[in-house]
Amino acid sequence: MGGKIFGALALAAAVGLGSADPAMAQQTQSRLFEITKSHKLRVCQFPLYYSISFRNPKTGELEGIDADLSKELAKELDAKLEVVETSFGSFIADLQANKCDIGMFGVGATLKRAQAVEFSKPYLITNIYAVVRKDGRIKTWEDIDKKGIKVAVSLGSYIEPFMKDYLKNADVISIAPPNTREAELVAGRVDVDMTDFPTAVKVTDEFDWATYVTPKEKLAVTPYAYVVAPGDQIWLNYINLFVDTIKMDGRLMKYAKKNKLGPIVAP
């Protein structure tokens with residue numbers, strides 16, 4: 001579907017919803033209008049997220065499903081894509097400060113985050129995996145929650161508070177950029193890298209030393225969605241329509257398979 005047609009449908013949907021909703025009827029400004037006028041789309045992305053939005057050190061280019069889909073969104077809007085680097089610890093503040101129009105980097109849609117930002121419909125659904133060294137102390141999930149075991153999590157990720165509550169004996173170490181969990185694991189400063197499906201697949205594919213273990217039951221099953229600042233229903237409607245459209249026309253599955261994420265595409 002072309003950008004102009006898609007844009008017209010989105011605007012029609014926004015107008016239609018506005019006539020039925022008094023709050024919508026009062027909204028006269030939207031990022032959607034600003035983007036279509038300026039032809040510039042500012043997308044917050046975390047450049048250290050394997051399979052999602054990872055900056056290839058050799059090319060300097062971002063790679064992953066959201067690196068691909070942010071280009072598709074910009075194309076639909078007839079806008080130039082401008083990537084704004086962020087992190088899981090700072091993206092909410094960046095959105096609220098209007099540093100970007102949308103976050104597209106596998107953000108877990110949690111109830112706590114939804115108090116400060118708004119989420120689109122989900123496009124991926126994942127749970128927690130533990131990446132470990134093949135020659136390390138961890139062989140099964142039961143080996144993790146023991147005294148002396150150091151578990152790395154990304155600062156500000158949904159996995160961080162979950163693991164701090166879930167683990168009773170192991171030490172949870174929060175890792176902030178520019179450091180990475182993978183580097184800490186390689187250096188032997190941690191024993192486990194708690195992550196999601198995208199990173200688990202990418203790390204074990206790329207590094208001979210890595211493998212992953214899973215719990216007997218899925219932990220912290222979480223939808224991944226796009227995230228926008230609150231108060232702009234027209235823009236959120238457009239992003240939801242974008243998610244619906246890429247599901248229907250096959251682009252979501254295309255880029256998911258390209259990045260080995262086919263098994264976690266949201267229905």
Asker: Spell out, as yes or no, whether a donor-acceptor pair under 3.5 Å connects the side chain of Thr204 to the backbone of Val201.
Answerer: yes
Asker: Could you check whether atom CD of Glu206 has more than 12 heavy atoms from other residues, nucleotides or ligands sitting under 6.0 Å from it?
Answerer: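 Yes, enclosed.
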Asker: Taking the six-membered ring for Trp, are Phe54 and Tyr50 parallel (under 30°), tilted (30 to 60°) or perpendicular (over 60°)?
Answerer: parallel
Asker: For Asp191, is there an ion pair with Arg137 - N to carboxylate O distance below 4.0 angstrom?
Answerer: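 The answer is yes: the pair qualifies as a salt bridge.
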Asker: Transitively linked via ILVMFWY side-chain contacts under 4.5 Å: Ile125 with Val243?
Answerer: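 Result: no, two separate clusters.
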Asker: Would the number of heavy atoms belonging to other residues, nucleotides or ligands and lying under 6.0 Å from NZ of Lys168 be above 12?
Answerer: yes
Asker: Does a salt bridge link Asp143 with Lys146, judged by any charged N lying under 4.0 Å from a carboxylate O?
Answerer: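 Salt bridge between Asp143 and Lys146, a charged N being under 4.0 Å from a carboxylate O: yes.
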Asker: Just grab all the disulfide bond (SG atoms under 2.5 Å apart) pairs involving residues 56-103, residues at least two apart or on different chains.
Answerer: Cys44-Cys100
Asker: Under 3.5 Å, is there a donor on one side chain and an acceptor on the other for Tyr166 and Asp145?
Answerer: no
Asker: Given 3.5 Å as the limit, does a donor-acceptor pair link the side chain of Thr36 with the main chain of Leu32, or not?
Answerer: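 The answer is yes, because a donor-acceptor pair under 3.5 Å joins these two groups.
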Asker: Counting distance only, does the side-chain N/O of Thr245 pair as donor-acceptor with the main-chain N or O of Leu241 below 3.5 Å?
Answerer: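 Such a contact is found between Thr245 side chain and Leu241 backbone.
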Asker: Taking only Lys NZ, Arg NE, NH1 and NH2, and the carboxylate oxygens of Asp or Glu, determine whether Lys258 and Asp68 approach each other closer than 4.0 Å.
Answerer: yes
Asker: Side chains of Val84 and Gln45: does their closest heavy-atom pair fall under 4.5 Å?
Answerer: no
Asker: For Ala130 and Trp141, which heavy atoms make the closest approach, and how far apart are they?
Answerer: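 Ala130 and Trp141 have their closest heavy atoms at CB-CZ3, 3.6 Å.
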Asker: After noting the C-alpha distance and the side-chain angles of Leu124 and Ile52, does the key distance pass the side-chain contact (heavy atoms from CB on, under 4.5 Å) rule?
Answerer: CA-CA 11 Å; Leu124 300 174; Ile52 299 289; 4.2 Å; yes
Asker: Using distance alone, with no hydrogens and no angle criterion, decide if Asn240 and Ser120 have a side-chain donor and acceptor under 3.5 Å apart.
Answerer: no
Asker: If only atom types and distance count, is the side chain of Asp196 paired as donor or acceptor with the main-chain N or O of Thr199 below 3.5 Å?
Answerer: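 Confirmed, Asp196 side chain pairs with Thr199 backbone.
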Asker: To the nearest 0.5 Å, what is the distance between CG on Leu167 and CD1 on Ile149?
Answerer: 10.5 Å
Asker: Run the salt bridge (Lys or Arg N to Asp or Glu O under 4.0 Å) check on Lys75 and Glu72 step by step: do they pass?
Answerer: CA-CA 5 Å; Lys75 189 187 302 180; Glu72 292 295 320; 3.5 Å; yes
Asker: Distance check, rounded to the nearest 0.5 Å: Ile173 atom CD1 versus Glu160 atom CD?
Answerer: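 Nearest 0.5 Å value for the CD1-CD distance: 11.0 Å.
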Asker: Kindly compute the distance separating CZ (Phe242) from CG (Leu69), expressed to the nearest 0.5 Å.
Answerer: 5.5 Å
Asker: For atom NZ of Lys99, decide whether the heavy atoms of other residues, nucleotides or ligands shown that lie under 6.0 angstrom number more than 12.
Answerer: no
Asker: Look at the side chain of Lys247 and the backbone N and O of Pro267, then say whether any donor-acceptor pair between them is shorter than 3.5 Å.
Answerer: yes
Asker: Would you compute the distance between atom CE of Met253 and atom CD1 of Ile65 and round it to the nearest 0.5 angstrom?
Answerer: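 Between Met253 CE and Ile65 CD1, I get 9.0 Å after rounding to 0.5 Å.
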Asker: Any donor-acceptor pair under 3.5 Å linking the side chain of Asp101 with the backbone of Leu41?
Answerer: no
Asker: How are the rings of Tyr226 and Tyr123 set relative to one another: parallel (under 30°), tilted (30 to 60°) or perpendicular (over 60°)?
Answerer: parallel
Asker: Looking only at atom types and distance, does a side-chain atom of Ser70 sit under 3.5 Å from a main-chain N or O of Asp66, one as donor and one as acceptor?
Answerer: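 Yes.
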Asker: Compute the ring centroids of Tyr129 and Phe197, then answer whether they are less than 6.0 Å apart.
Answerer: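 Here the rings of Phe197 and Tyr129 have centres that are less than 6.0 Å from each other.
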Asker: Would you check if the side chain of His39 reaches a backbone N or O of Lys80 as a donor-acceptor pair within less than 3.5 Å?
Answerer: no
Asker: With heavy-atom distances below 4.5 Å as the criterion, would you say the side chains of Leu219 and Asn127 are in contact?
Answerer: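 When only atoms from C-beta onward are counted, Asn127 and Leu219 do not touch, as no gap falls below 4.5 Å.
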Asker: Taking the six-membered ring for Trp, are Phe88 and Tyr158 closer than 6.0 Å centroid to centroid?
Answerer: no
Asker: Is it true that Glu63 and Arg55 make a salt bridge, defined as a side-chain N closer than 4.0 Å to a carboxylate O?
Answerer: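 Between Arg55 and Glu63 there is no salt bridge, as every charged N stays at least 4.0 Å from the carboxylate O atoms.
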Asker: Find the distance between CE (Met104) and CG (Leu62) and round it off to the nearest 0.5 Å.
Answerer: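 It is 12.0 Å, given to the nearest 0.5 Å.
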Asker: Out of curiosity, does Leu155 fall in the hydrophobic cluster containing Met194 (side-chain heavy atoms, cut-off under 4.5 Å, transitive links)?
Answerer: no
Asker: Could you report the tightest heavy-atom contact between Asn179 and Leu48, atom names first, then the distance?
Answerer: O-CD1, 4.4 Å
Asker: Under the side chain to side chain donor-acceptor pair (under 3.5 Å) rule, collect the residues that match up with Lys134, sequence neighbours excluded.
Answerer: none
Asker: To the closest 0.5 Å, what do you measure between CG (Asp135) and CH2 (Trp209)?
Answerer: 10.0 Å
Asker: Testing the 3.5 Å rule here: is there a donor-acceptor pair between the side chains of Ser51 and Asn259?
Answerer: no
Asker: Are any of the side-chain nitrogens in Glu76 or Arg251 under 4.0 Å away from the carboxylate oxygens of its partner?
Answerer: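 Counted as a salt bridge, because a side-chain N and a carboxylate O are separated by less than 4.0 Å.
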Asker: Step through the shown structure and confirm whether more than 12 heavy atoms of other residues, nucleotides or ligands are within 6.0 Å of CG on Asn169.
Answerer: yes
Asker: Is the backbone of Glu118 close enough, under 3.5 Å, to the side chain of Arg113 for a donor and an acceptor to pair up by distance?
Answerer: no
Asker: A side-chain contact here means heavy atoms from C-beta on lying under 4.5 Å apart; do Val151 and Ile144 qualify?
Answerer: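 Yes, close enough: below the 4.5 Å cut-off.
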Asker: Who pairs with Lys139 by side chain to side chain donor-acceptor pair (under 3.5 Å), at least two apart in sequence or on another chain?
Answerer: none
Asker: Between the main-chain N or O of Ser157 and the side-chain N or O of Ser154, is there a donor-acceptor pair closer than 3.5 Å?
Answerer: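 No; zero donor-acceptor contacts below 3.5 Å.
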Asker: Look at Arg181 together with Glu184 and state whether they make a salt bridge at an N to O cut-off of under 4.0 Å.
Answerer: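 No salt bridge links Arg181 with Glu184.
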